[in-house]
Amino acid sequence: MTISSGIHSPLYEQVIAWDNLRLAYRKAARGKRGHSPAATFEHQLADNLLLLQQELSDQTYRPGEYVHFYIHEPKRRKISAAPFRDRVVHHALCNVIEPLFDQRFIADSYANRVGKGTHRAVDCLQAFARRYRYVLRVDVVQFFASIDHAVLRRELARVLRDDDVLWLVDQILGSGAGVLADTYEMVWFPGDDLLAVNRPRSLPIGNLTSQFWANCYLNPFDWFVKRELRCGAYLRYVDDFAVFSDSKHRLWAWKDAIVERLAESRLTVHEEAAQVIPVECGIPWLGFVVYPTHRRVKRRNIVGFRRRLSARIDEYLAERITFAELDASVQGWVNHVRYADTWGLRKHIFGTIRISDR
């Protein structure tokens with residue numbers, strides 16, 4: 001089924017094709033069909049998809065307003081939720097263009113990619129820690145708030161080269177301009193004039209496109225580390241990355257080159273945390289502290305889980321959630337921390353719980 005009213009590029013026709021929009025709806029609704037926005041859209045699903053297809057075909061589609069809220073684990077972050085119909089569009093776009101970029105990414109980029117993820121990133125980090133003596137771990141300051149739209153669009157256009165698809169990219173990109181302005185502290189780079197303060201920047205944390213575009217944004221940097229620095233032991237998860245070597249001197253030199261290269265993408269690093277350390281000291285990484293021989297869970301993770309568990313138990317006893325919901329929250333944490341040496345920790349935490357006494 002299609003009601004396309006214009007002549008578009010073959011790539012854009014794939015984006016707005018009926019089957020792709022149906023698939024995009026199913027992905028956007030996954031796990032959310034009981035929530036009001038998804039249920040409302042599903043109530044007149046065919047009509048809503050047809051209208052969305054028409055707007056995309058006519059290029060009259062405009063994204064709606066975000067709803068903002070904050071989360072505090074593991075740190076305070078502003079989350080921006082797009083309207084449900086916009087999330088369908090995000091999936092429709094990513095379904096088509098993500099494979100074009102993914103084949104260009106390095107193997108050791110682990111965030112938001114099929115077959116990758118947190119635990120494989122931890123496995124890779126530990127494998128490097130067993131082979132090398134030293135590590136340089138770096139993370140970017142206010143990464144999503146700092147992403148520069150002109151830099152990102154240039155990288156997307158280098159691969160896409162399709163005016164229709166880039167039009168849709170511009171709609172989504174423009175809708176997120178400034179959503180993190182309250183968290184961004186202005187950084188001046190060489191060559192900036194006073195107009196630099198007005199450069200469109202930031203990607204909404206919460207958008208599927210933001211997660212995907214974060215990898216696109218740093219992909220040239222990944223290849224810089226691999227090809228120009230000739231580093232064979234490098235991995236990245238979103239804006240956290242680690243570089244390994246047997247030479248401290250080489251890592252310190254690489255750090256200077258990394259800081260300089262990231263500045264070309266208008267990014268800065270947490271200088272105090274970017275230190276060269278022996279791998280035996282333990283590497284903080286995605287909620288764990290990773291050693292060559294074992295892994296531990298960060299204390300902050302444990303404290304946060306204890307707090308959440310206590311709150312969930314209170315909700316269960318007050319009959320605000322079911323036992324299945326309580327159990328699901330527990331199993332989610334267990335499935336994460338079981339990738340570390342936590343048998344004793346789990347036994348201690350759950351052995352001290354007495355729901356009947358509360």
Is there a side-chain contact between Arg261 and Ile258 in this structure, where contact means two heavy atoms from C-beta onward sitting under 4.5 Å apart?
no
Who are the side-chain hydrogen bond (donor to acceptor under 3.5 Å, both in side chains) partners of Tyr110, not counting sequence neighbours?
Asp108
Please tabulate, for side-chain N and O atoms in residues 238-247, each donor-acceptor pair with protein atoms closer than 3.5 Å (sequence neighbours left out).
unit_1, atom_1, unit_2, atom_2, d
Asp240, OD1, Arg137, NH2, 3.4
Ser245, OG, Ser247, N, 3.0
Ser245, OG, Arg250, NH1, 3.1
Asp246, OD1, Arg133, N, 3.0
Ser247, OG, His249, N, 3.4
Ser247, OG, Arg250, N, 3.0

Do any pairs count as a salt bridge (charged side-chain N to carboxylate O under 4.0 Å, His left out) and have a residue in residues 121-131, sequence neighbours left out, and if so which ones?
Asp123-Arg295
With heavy-atom distances below 4.5 Å as the criterion, would you say the side chains of Leu49 and Arg22 are in contact?
yes
State which residues pass side-chain hydrogen bond (donor to acceptor under 3.5 Å, both in side chains) with Asn112; sequence neighbours excluded, sorted by chain then number.
none
Members besides Phe189 in its Ile/Leu/Val/Met/Phe/Trp/Tyr cluster (side-chain heavy atoms under 4.5 Å):
Tyr184, Met186, Val187, Trp188, Val197
Sequence neighbours left out, what passes ring pair (Phe, Tyr, Trp, His ring centres under 6.0 Å) with Tyr134? Give chain and number order.
none
Who pairs with Tyr12 by ring pair (Phe, Tyr, Trp, His ring centres under 6.0 Å), at least two apart in sequence or on another chain?
His8
Residue pairs involving residues 260-303 (criterion ring pair (Phe, Tyr, Trp, His ring centres under 6.0 Å); sequence neighbours excluded)
Phe288-His336, Tyr291-His294
For Arg104, check side-chain hydrogen bond (donor to acceptor under 3.5 Å, both in side chains) against everything at least two apart and list the hits.
none
Ring pair (Phe, Tyr, Trp, His ring centres under 6.0 Å) contacts touching residues 135-167 (sequence neighbours left out)
none
Considering residues at least two apart in sequence or located in another chain, which fulfil the ring pair (Phe, Tyr, Trp, His ring centres under 6.0 Å) criterion with Tyr66?
none
Can you run down the salt bridge (charged side-chain N to carboxylate O under 4.0 Å, His left out) pairs that involve residues 162-173, sequence neighbours left out, and say none if there aren't any?
Arg153-Asp170
